[in-house]
Amino acid sequence: ADGEYDVDNSECKGIDTETSAKCDEIPGFSYKSYNCGDTGTFLNNPDNAAVLDCSNPFIDLTLNHFQSTCCGGTSNHKDVCPNNPDPHEAICTSQEDFQSDVVMSFDCIGYNATACTDAGGKYNKDEAKCYDINTDTPDECNEIAEFTYTPGQTCEEFVNFLAIPSFFRTSFSDIYLNCSSPIAYIVIPEIQSTCCGGMNNHKDICGSPPVHEAICTSEQDFQTNATGVYACEGNNSTACETAGGKYDENELICEGIGIANPAECDQITGFNSEPRETCGEFGLTFYIAMSNISSNVCADPAFLTVVPQVQSNCCGGVNNHKVICPGISKPYEAVCTSEEYFEAKEIVGYSCYGTNATACTDAGGEYDNFECNDIDECEEIAGFADKPYTCEDAGTYLSDPQVASEFLNCTAPYSITQLQFT
């Protein structure tokens, strides 16, 4: 019957005992239930006092199992261990507002392993759960034969698990309340939002996240509420793709364009740049991401271009830019020796920027990478406008070895001297 026999207790475990049906099908076994009266009699027996020993780290879990089933509401739970810390104190500050009975998640419970795997899930026999399927709604689980969409842990059950010490190297609190892990700054507030009954009741577990640390060196100068990242919003997919972006039809966004520089987006017909994340929001996201992503990200030219722009929006000065990719040249190093005196925001020149390649060539220009070159009057070309580029833009561009080999060619010293002078 696909169960596991417990010799000591003469029980067949690992089968469905929510009803008697499965048990009654097994020869030599009978379905036996225990009611709350039986439980009370058992716990009142002095010989079983160890079950309610308040020094037992599992006591809160044990009490919750019995009381939530038998007492008829949390207000009727007896305070069996008055000297023990209340479980809610692990994550919340108010016992009165603590959402004891709120379900934090749902599980897909059943005993047909084949049906689970056929549905694309992974079956855990010990827990009788089908993992790796969508449990945000009951739809996917209820379509699997012999499986039921079932409430998982409540807030009270969760905080009781937090009190259990480590028996297998890692405890629940090591996982969920570990402030050395950047992910804690997302996980803990999500749990608290579900369970604590309001932001005023969130316990300060890890303090404020170090949102500046991922991209900047100065917390004092960090522009927390300034816009760090923009979204290029519009509905002209052709114009987006012509400009080198990727159009997201669901979000109506031209991805890869104007992420940190809104001027790039505003040049595209039918699109406008809108604030997407503040520096504080981006800093937290990037702080978490940098703990998980490969260092190969520093070999991505797009990454090396966008991040300095975000730093310019957020760090409060070029001196506060954090070196995210050691070994990669900084913008000033292309033509200067001092980062302190580098005029990052000084305008070096202008490019004729636009997305209409045909209009550029019709005007006698050469279209390359959104720029119309070899023309005299940019503003006269439909869809084009003069776009300033700064010393920082030029330095970032020239940090590319291939570009540097062409433009920092010592056979043409005049262009280098002109750039250094600026």
Side-chain angles (χ1 to χ4, degrees), residues 1-6 9-40 42 58 60-77 87-88 91 98-164 168 172 175-176 187 190-195 197:
D2 205 26
E4 292 183 3
Y5 188 62
D6 183 339
N9 295 299
S10 301
E11 292 182 11
C12 185
K13 295 185 176 181
I15 64 167
D16 183 2
T17 56
E18 293 294 322
T19 66
S20 62
K22 188 70 175 179
C23 181
D24 292 341
E25 293 176 356
I26 307 174
F29 285 83
S30 59
Y31 187 71
K32 182 178 181 180
S33 62
Y34 299 89
N35 59 36
C36 290
D38 298 328
T39 300
F42 174 82
F58 292 90
D60 290 324
L61 203 62
T62 302
L63 286 173
N64 180 71
H65 173 72
F66 291 137
Q67 292 177 321
S68 61
T69 303
C70 298
C71 293
T74 55
S75 60
N76 302 322
H77 290 192
H88 79 276
I91 58 172
F98 183 66
Q99 308 295 298
S100 304
D101 299 324
V102 170
V103 177
M104 295 178 60
S105 62
F106 288 81
D107 298 316
C108 192
I109 303 294
Y111 297 88
N112 189 333
T114 302
C116 169
T117 53
D118 286 348
K122 292 182 179 179
Y123 188 66
N124 185 309
K125 181 179 178 181
D126 295 334
E127 299 178 336
K129 292 181 183 178
C130 188
Y131 285 98
D132 289 355
I133 63 165
N134 184 5
T135 54
D136 291 337
T137 66
D139 299 346
E140 193 167 324
C141 177
N142 289 342
E143 290 179 356
I144 305 175
E146 300 180 36
F147 278 82
T148 306
Y149 188 68
T150 308
Q153 282 185 333
T154 64
C155 290
E156 184 167 12
E157 289 169 337
F158 175 78
V159 295
N160 286 333
F161 273 113
L162 292 177
I164 299 175
F168 302 101
F172 274 82
I175 297 172
Y176 291 101
V187 173
E190 285 182 350
I191 295 170
Q192 291 174 318
S193 296
T194 301
C195 298

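Since the structure is predicted, the reported quantities are computational estimates derived from the model, not experimental observations. Positions are given from 1 along the sequence.
Looking at Phe42 and Asp38, their side chains never come closer than 4.5 Å, going by heavy atoms from C-beta outward.
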Asn112/Ile144 under side-chain contact (heavy atoms from CB on, under 4.5 Å): CA gap, chis, key distance, verdict: CA-CA 9 Å; Asn112 189 333; Ile144 305 175; over 6 Å; no
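In this structure, the separation between OH on Tyr149 and OG1 on Thr137 is 6.0 Å, given to the nearest 0.5 Å. For the atom pair Cys116 SG and Lys125 NZ, the distance stands at 14.0 Å (nearest 0.5 Å). In this structure, the separation between CZ on Phe158 and CG on Asn160 is 10.5 Å, given to the nearest 0.5 Å. Cys23 SG to Glu11 CD: the interatomic distance, rounded to the nearest 0.5 Å, is 9.5 Å. Separating the SG atom in Cys141 from the CG atom in Asp136 is a distance of 12.5 Å, to the nearest 0.5 Å. To the nearest 0.5 Å, atoms CD1 (Ile26) and OH (Tyr5) are separated by 11.5 Å.
Asp126 pairs by the side chain to side chain contact (heavy atoms under 4.5 Å, CB included) definition with Glu4, Asn124, not counting sequence neighbours. For the disulfide (SG to SG under 2.5 Å) test, residues two or more places apart in sequence or in another chain that qualify with Cys70 are Cys36. Under the side chain to side chain contact (heavy atoms under 4.5 Å, CB included) criterion, Asp132 pairs with Lys122, sequence neighbours left out. Listed by chain and number, the residues in a side chain to side chain contact (heavy atoms under 4.5 Å, CB included) with Thr39 are Leu43, Phe66 (sequence neighbours excluded).
Gln192 places a side-chain N or O within donor-acceptor distance of the main-chain N or O of Ile91, the cut-off being under 3.5 Å. Using a distance-only test at 3.5 Å, with no hydrogens or angles considered, a donor-acceptor pair links the side chain of Thr150 to the main chain of Thr148.
Of all heavy-atom pairs spanning Asp6 and Lys13, the tightest one is OD2-NZ, 3.1 Å. Taking all atoms of both residues into account, the shortest heavy-atom contact from Phe29 to Cys12 is CE2-CB, 3.6 Å. Considering all non-hydrogen atoms of both residues, Cys71 and His77 come closest at CB-CD2, 3.6 Å. Of all the heavy atoms in Phe147 and Tyr123, the pair that sits closest is CZ-CE1, 3.6 Å.
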Show me, pair by pair, the donor-acceptor contacts under 3.5 angstrom made by side chains of residues 100-110, not counting sequence neighbours?
unit_1, atom_1, unit_2, atom_2, d
Asp107, OD2, Lys129, NZ, 3.4

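Sorted by first and then second residue, the salt bridge (charged side-chain N to carboxylate O under 4.0 Å, His left out) pairs with a member in residues 148-160 form an empty list; sequence neighbours excluded.
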